[in-house]
2 protein chains.
Amino acid sequence: MTDAPPSDADRFARARRKQSVALLEDYVELIGDLIAETGEARVADIADRMGVAQPTATKTVARLKREGLATSRPYRGVFLTEAGAALADRVRARHRTVVALLIAVGVPQEAAELDAEGIEHHVSDRSLAAFEAFLKRD
Amino acid sequence: MTDAPPSDADRFARARRKQSVALLEDYVELIGDLIAETGEARVADIADRMGVAQPTATKTVARLKREGLATSRPYRGVFLTEAGAALADRVRARHRTVVALLIAVGVPQEAAELDAEGIEHHVSDRSLAAFEAFLKRD
DNA sequence: CTCAAAATATAGCCCAAGCTATATTTATTA
DNA sequence: TAATAAATATAGCTTGGGCTATATTTTGAG
Ligand SMILES: [Mn+2]
Ligand SMILES: [Mn+2]
Ligand SMILES: [Mn+2]
Ligand SMILES: [Mn+2]
């Protein structure tokens, strides 16, 4: 039992949940990138790269801290916790796989890169595994 | 010129915009389905199928009306405008194509159906065309 | 070392999307 | 046809995610 097909409501609720973590995923990925590129992640740089105002970035960083993904001290940069760094790595790998899959099925590179930024957050582990298998075929 | 590669900020902003219309797309698709299935779209049925409380559905229908996608009179059902019906058709077709593409690259059917509910809203026309071409190949 | 500039924080606003509780209207049935 | 049940609307709350304006802190010149 335990295995009736998911209802419409289940499916919609699941999509809503994924959406609510999408922004957090993009932030941790970006913070990880900034630290790798420049040694630190300043709020001003995060805001700039995300395309939002500085107070918006500050507020989202506060949420990352609340959720145990980042740390920071006033007027200092932002750092990822272990959990945050692990999430960033997973998110970055998934992002790349999604872009590669889109290109592999014939999506032009620029469209692939643009669409992947939203698509990635809805790709489950099962789908990701399928994408990887598809990319490995020949 | 007009063709520098999109910045990170552009890409993130675009994903945020798509996200803001995702719920409207799901609602018009669902309202169209209900009308096709049962002849009418009651707020209670919309809420039920979306997995939200009734006042939440009422409020979102109000937004659909504000955006010219639906109409309704107090204590009566919900109807789609021409624009709403056209959007519903496009969204439904895109939804099906996304599910088919996922299955075609090896995603198990249930995962495909679940993930498509979120993915669909980020698939651009260019990507959709590529998906269709890929599905038509042999 | 001081002071101006840059970075960050804070205050306060908006809207979307969710909720519960309750009032109102419509539909049904005794 | 009244009374009850069901559907819908409304009020009022929460949180997330955006913004501008401004206060505060840190940094870097001179
Ligand atoms: Mn993204
Ligand atoms: Mn990404
Ligand atoms: Mn959807
Ligand atoms: Mn859909």
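Values below: all heavy atoms of this structure, side chains included; hydrogens, waters and symmetry mates excluded. As the structure is a computational prediction, the values presented were derived from the model and not from experiment. Numbers restart at 1 for each chain; the letters A, B, ... are given by sequence-line order, proteins then strands.
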How many whole angstroms separate atom [atom1] of [X] from atom [atom2] of [N]?
| X | N | atom1 | atom2 | value |
| --- | --- | --- | --- | --- |
| Glu25(A) | dG17(D) | CD | C1' | 16 Å |
| Arg17(A) | dG18(C) | CZ | P | 13 Å |
| Arg73(B) | dT24(C) | CZ | P | 22 Å |
| Met50(B) | dA17(C) | CE | P | 10 Å |
| Phe12(A) | dA17(C) | CZ | C1' | 15 Å |
| Asp48(B) | dA7(D) | CG | P | 10 Å |
| Gln19(B) | dG18(C) | CD | C1' | 15 Å |
| Leu23(B) | dG16(D) | CG | C1' | 14 Å |

Counting only side-chain heavy atoms from C-beta out, which of [options] sits nearest to [X]?
| X | options | result |
| --- | --- | --- |
| Arg76(B) | dT10(D), dT26(C), dG18(D) | dT26(C) |
| Val52(A) | dG18(C), dG18(D), dT20(D) | dG18(D) |
| Tyr75(B) | dA7(C), dA9(D), dG16(D) | dA9(D) |

Look at [X] and [N] and indicate whether a side-chain polar atom (N or O) is within less than 4.0 Å of OP1 or OP2.
| X | N | result |
| --- | --- | --- |
| Thr56(B) | dC19(C) | yes |
| Thr60(A) | dG17(D) | no |
| Arg66(B) | dA16(C) | yes |
| Thr58(B) | dT8(D) | no |
| Arg16(B) | dG18(D) | yes |
| Arg42(A) | dA9(C) | no |

| query | Contact class for Ala44(A) (heavy atom, under 4.0 Å): base, sugar-phosphate, or nothing? | reply |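 Sugar-phosphate only.
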Looking at [Y], is its backbone amide N or carbonyl O close enough to the side chain of [X] to form a donor-acceptor pair, meaning the two atoms are under 3.5 Å apart?
| X | Y | answer |
| --- | --- | --- |
| Asp8(A) | Arg49(B) | no |
| Thr38(B) | Leu34(B) | yes |
| Arg11(B) | Pro6(B) | no |

| Point-to-point distance, once rounded to the nearest 0.5 Å, from CG of Leu69(B) to CZ of Arg63(B) |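 The CG atom of Leu69(B) sits 9.5 Å away from the CZ atom of Arg63(B).
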| Toward the 5' end of DNA chain C, by each residue's nearest nucleotide, Pro55(A) or Gly51(B) |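 Looking at DNA chain C, the more 5' nearest nucleotide goes with Pro55(A).
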| Is there a donor N/O on one and an acceptor N/O on the other, under 3.5 Å, for the side chain of Gln54(A) and the base of dA7(C)? |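 No.
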| task | Could you say whether Lys59(B) or Asp45(B) is positioned toward the 5' end of DNA chain D, judged by the nucleotide with the nearest heavy atom to each? | result |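 The residue whose closest nucleotide sits nearer the 5' end is Asp45(B).
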| Arg73(A) atom CZ, neighbour heavy-atom count above 12 within 6.0 Å |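 No - once you tally the heavy atoms of other residues, nucleotides and ligands closer than 6.0 Å, there are 12 at most.
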| How close do Lys65(B) and Ser72(B) get, heavy atom to heavy atom, and via which atoms? |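 Minimum heavy-atom contact is NZ-OG, 2.9 Å.
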